[in-house]
Amino acid sequence: MRLALDVSQGSLAKQGEEICGDSLEIVRKNDEMMVVLSDGLGSGVKAGILSTMTVKMAAKLLSRGLPLEETVETINKTLPICKVRGLAYATLNILYINEKNEVRFIQDDAPPLILIKHRSKQAIILEGQKNIIGGKEMSDYQFGIDEGDILIIVSDGVPHAGVGAILELGWGMQGLMKYVQKQLPSLDEPEEWVEEILEVTRILYSEEPGDDATVVAIRARKPRSLMLVSGPPKDQAKDEKLCKTFQSFEGRKVICGGATANMVAKKLQRNLETELEYSDPSVPPTAKMEGVNLVTEGILTINKAIERLKGVLGGENLKPKDDGATLLAKELIQSEEIFLHIGTAINPAHKALAPAITYPDRIQAFGELVHLLERLGKKVEIQWY
Amino acid sequence: MIYLEICLGTACHLMGSEEIFSSIEKLPPSVREKITVRGMHCLNACDQGPNVRINGKVYHRMTPEKLIEVIEEIGGEADA
Ligand code: FES
């Protein structure tokens with residue numbers, strides 16, 4: 001069984017420069033998966049656009065079956081180079097994992113990787129081989145990964161932190177490793193690793209980073225599947241069938257929509273308890289139902305979750321919040337196979353209100369959601385009722 | 001005791017049920033402690049939201065001011 005990967009990334013911009021954003025795209029092919037990451041160099045619109053272009057292009061080539069080396073070569077030859085620095089405007093990192101959980105990672109020149117082995121609770125430094133790929137020297141890594149392992153990738157700006165200021169030579173990989181080892185017992189989530197390492201980096205730079213610093217953390221975990229139901233069926237006679245399918249589904253279960261939640265609760269004779277917490281005033285509160293991992297309001301929450309997913313594709317991490325939209329986005333991100341069961345009954349109440357407020361369109365929202373999930377490498381099946 | 005159910009469904013949310021909810025939290029503690037609040041998914045009157053149900057009676061087009069009035073009224077009755 002090929003393990004699934006959770007990816008988290010974050011950056012600090014060099015003092016006085018604006019952050020131009022990282023980009024991420026995930027490609028799935030049969031039993032293989034490829035994660036393409038790019039980090040725009042320096043500031044400015046150009047770097048930002050080029051990092052997005054880099055991942056999109058690489059993802060397209062890889063999904064069409066072009067081998068890794070040739071993909072890197074094509075990108076290296078196509079993207080413009082900054083005349084001043086003699087560097088590409090955006091870095092290119094590709095991580096490839098196959099069904100035997102063998103990883104290959106190709107990266108522009110950068111510090112070594114840190115691999116945290118889950119079972120032994122040990123962090124190790126992995127040195128890559130310098131290989132010329134596509135006419136350019138790149139670091140090439142090959143190693144195996146097990147469930148729970150975390151891979152940490154940093155840009156030069158991280159080990160350089162502190163140079164000439166707090167520490168003569170910066171904290172270096174040694175310092176970073178020591179820190180990772182110390183934090184091992186208390187940190188678990190990839191987002192936490194990214195945030196913590198960036199925080200120390202910021203402090204070592206005395207809040208004024210002398211270089212862009214990027215951290216990526218990737219965790220391997222068992223793949224998951226998820227079933228999401230939203231909207232009661234157009235034909236009421238199908239309620240029963242939908243609820244039965246939902247009940248017997250093995251995996252994570254999510255309901256989006258009050259009417260749908262009421263229907264499931266009634267058919268399956270379960271209690272539905274609405275929470276009263278607003279952690280984000282623009283997202284209606286969630287509810288609780290036994291045997292269901294998440295119950296949210298419908299269309300507003302879905303649209304907010306779509307915004308969150310777009311952020312993730314733009315290199316942002318999900319905020320550690322627990323509003324319905326963030327929780328929904330998290331459920332979707334952490335599942336590999338997603339089954340959407342969407343009812344098309346028109347809510348008579350919404351219809352009555354239509355002249356007063358405009359409701360975002362459900363079908364359109366799900367169309368967009370499917371597209372985003374596919375860009376995140378998910379296998380999505382949608383069924384309309 | 002006042003049993004207050006606030007509809008947090010899509011329509012009522014769009015019509016401002018969150019404001020109703022937060023106005024409860026701002027009530028003086030002596031009043032607040034008499035109220036049990038519960039969230040509801042839909043009170044079947046979506047075109048007249050935001051809706052709340054107080055001790056079994058549904059009130060439409062609720063505003064924070066109106067809610068306080070109703071609560072004071074009921075509270076007064078209960079004290080009398
Ligand atoms: S959503 Fe409040 S009454 Fe229907």
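Computation of the quantities below employed the complete heavy-atom set of this structure, encompassing side-chain atoms and omitting hydrogens, waters and symmetry-equivalent molecules. Lettering of chains follows the sequences in order, A, B, ..., and the numbering in each one begins at 1.
Between chain B and the options G298(A), A287(A), S282(A), heavy-atom pairs under 4.5 Å are most frequent for S282(A). The candidate with the highest count of non-hydrogen atom pairs below 4.5 Å against chain A, out of V37(B), L8(B), I6(B), is L8(B).
Y385(A) does not carry K234(A) over the face of its six-membered ring by the limits of under 6.0 Å from the centre and within 45° of the normal.
With a 4.5 angstrom heavy-atom cutoff, P285(A) touches chain B only via side-chain atoms. Heavy atoms of S17(B) lying under 4.5 Å from chain A belong to its backbone as well as its side chain.
Between R38(B) and E273(A) there is a salt bridge, with a side-chain nitrogen of the basic residue lying less than 4.0 Å from a carboxylate oxygen of the acidic one. Using a cut-off of 4.0 Å between Lys/Arg side-chain N and Asp/Glu carboxylate O, R219(A) and E189(A) are scored as salt-bridged.
Each of T326(A), T286(A), D322(A), D323(A) was evaluated against S279(A); a single residue qualifies, D322(A), per the side-chain hydrogen bond (donor to acceptor under 3.5 Å, both in side chains) test.
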